[in-house]
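Note that the structure is predicted; figures quoted are calculated from it, not measured. In listed order, ligands and their atoms are each counted from 1. Numbers for residues simply follow the sequence, beginning at 1.
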Amino acid sequence: TTNTTRVDVFSVASGHLYERLLKIMMVAVRRRSKYNVKFWIIKAFLSPQFKATLPIMANKYNFSYQLVSYKWPQWLRPQYEKQRIIWGNKILFLDVLFPLDLERVIYIDSDQIVRTDLIELMRMDFGKAPYAFTPFCDSRKETEPFRFWKQGYWKDHLGEKKYHISALFAIDLRRFRQMAAGDVLRYHYQLLSADPLSLANLDQDLPNYAQDQIPIYSLPQNWLWCETWCSDETIDEAKTIDLCNNPLTKKPKLYVAQTMVKEWPGLDEEVRNISAGPDEYEKFFFKE
Ligand code: UDP
Ligand code: CA
């Protein structure tokens, strides 16, 4: 991975808002990198319109893409809520979603704004860990009472380990498969999900919970800024910004994007004009 010349990004989106955000994420990733860029997107949740738009965007911005899918296994406890199905797809099948020759991929939430060349993360040494996440920020004082991982269950379970955010993470797919990390995650998922109150944030709680068996490499704090937990002073040094939910202010995602992220309105304006014409659209629509 040290001399990789391609940035590989994995994402998932469902619904109009997240598809709009995904386009923005893709354009920002492409603009910020000097290298080749390939997107891997979960097929199951995309609208026909979005699928029809992908080849147009790929051509216009010069990136490649591939849709991926993995059928939820019969023996693995199902999820019934859309959001939780998406969270499951984001974390439970990392070992089986991608071709065997793909060495590393970076998962990015569709509501993320990227401000850096991700090649740095493609080439970074994660030591013995199969994946790398950013720990939650400590710098915003107002939300201190909401830091659930510093109290009760999570505090006891984590001990000295950190609680990490799952809006962006890089996976060393080779090491991940070598240590059967996918099986370990699914094993813990199967046990924990027996309790409906467990895994409230499935995609985030699971890798944090499993750190004893699957170590996480903690990225420097500036890899992920989110308004809920990180102070205003630190936004300028952020490499990526996530539009996370703020339990205190409950500000809508689009409001945060429009008011706190300088480049966002411009990107939004730009992607709004990219859409498939009737011919391209029909091709995808009737394939469904
Ligand atoms: N997501 C989606 N549709 C939904 C909910 C989630 O596409 O209805 C995807 C999307 O890529 C989003 C990610 O799942 O960025 C994580 O969603 P979440 O709601 O957890 O984001 P948060 O608000 O916690 O940052
Ligand atoms: Ca998010």
Side-chain angles (χ1 to χ4, degrees), residues 9-29 39-51 53-54 65 67-70 72 79-94 97 105-115 118 133-137 140 143 146-149 163-171 189 199-208 219 223-230 235 238-261 264 267-268 271:
V9 170
F10 161 46
S11 197
V12 55
S14 86
H16 180 73
L17 172 65
Y18 285 99
E19 287 186 345
R20 173 176 166 194
L21 294 168
L22 177 56
K23 285 184 195 168
I24 294 173
M25 187 273 273
M26 293 168 82
V27 171
V29 166
F39 294 101
W40 305 81
I41 304 168
I42 297 197
K43 186 176 179 185
F45 310 105
L46 296 177
S47 68
Q49 294 93 315
F50 190 89
K51 280 184 264 187
T53 309
L54 272 172
Y65 70 93
L67 301 181
V68 292
S69 62
Y70 188 74
W72 198 287
Q79 290 293 329
Y80 300 100
E81 258 175 70
K82 188 66 168 272
Q83 190 177 40
R84 294 186 65 81
I85 298 171
I86 289 175
W87 287 349
N89 272 277
K90 164 175 166 184
I91 197 71
L92 287 170
F93 311 122
L94 297 172
L97 270 172
V105 72
I106 305 171
Y107 173 84
I108 304 187
D109 263 4
S110 55
D111 61 347
Q112 192 111 339
I113 296 104
V114 172
R115 292 185 159 175
L118 290 173
F133 291 66
T134 315
F136 267 69
C137 277
R140 187 174 293 281
T143 47
F146 294 92
R147 286 176 221 276
F148 57 88
W149 60 96
Y163 186 84
H164 303 79
I165 191 162
S166 64
L168 169 139
F169 55 97
I171 311 112
Y189 165 80
L199 298 176
N201 299 294
L202 203 180
D203 58 311
Q204 188 166 275
D205 290 346
L206 193 59
N208 277 296
L219 294 170
W223 270 95
L224 200 147
W225 189 93
C226 124
E227 193 247 352
T228 313
W229 315 107
C230 310
I235 191 171
K239 291 179 193 274
T240 72
I241 297 171
D242 188 59
L243 304 176
C244 52
N245 289 310
N246 189 327
L248 186 62
T249 60
K250 302 210 167 26
K251 284 185 209 162
K253 278 185 200 288
L254 290 185
Y255 176 81
V256 175
Q258 279 154 355
T259 54
M260 303 203 66
V261 189
W264 196 89
L267 286 166
D268 187 42
V271 301

- Task: For a side-chain contact (heavy atoms from CB on, under 4.5 Å) with F169, tell me which candidate from T134, V105, I91, I106 qualifies.
- Result: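 Going through T134, V105, I91, I106 one by one, the side-chain contact (heavy atoms from CB on, under 4.5 Å) with F169 is satisfied by I91 alone.
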- Query: If you draw a 6.0 Å radius around CZ in F146, do more than 12 non-hydrogen atoms from other residues or ligands fall strictly inside?
  - Reply: yes
- Task: Show the protein residues that qualify under the rule heavy atom under 4.0 Å from an atom of ligand 1, listing them in chain and number order.
- Result: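 Close residues (ligand 1, cut-off 4.0 Å): V12, A13, S14, Y18, Q83, I86, W87, D109, S110, D111, D242, L243, C244, N245, K253.
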- Message: Given a threshold of 3.0 Å, state how many protein N/O/S atoms are nearer than that to the Ca ion (ligand 2).
- Response: 5
To the nearest 0.5 angstrom, please state how far the [atom1] atom of [X] sits from the [atom2] atom of [Y].
X    : Y    : atom1 : atom2 : result
F10  : I171 : CZ    : CD1   : 7.0 Å
S14  : F50  : OG    : CZ    : 11.5 Å
L97  : L92  : CG    : CG    : 10.0 Å
D111 : I241 : CG    : CD1   : 11.5 Å

- Item | W149 and F136 aromatic ring geometry - parallel, tilted or perpendicular at 30°/60° bounds | tilted
- Message: On a heavy-atom basis, which atom in Q204 and which in P207 lie closest, and how many Å separate them?
- Response: O-CD, 3.5 Å
- Message: If you apply the rule disulfide (SG to SG under 2.5 Å), what do you find for C226 with C137, and how did you get there?
- Response: CA-CA 8 Å; C226 124; C137 277; over 6 Å; no
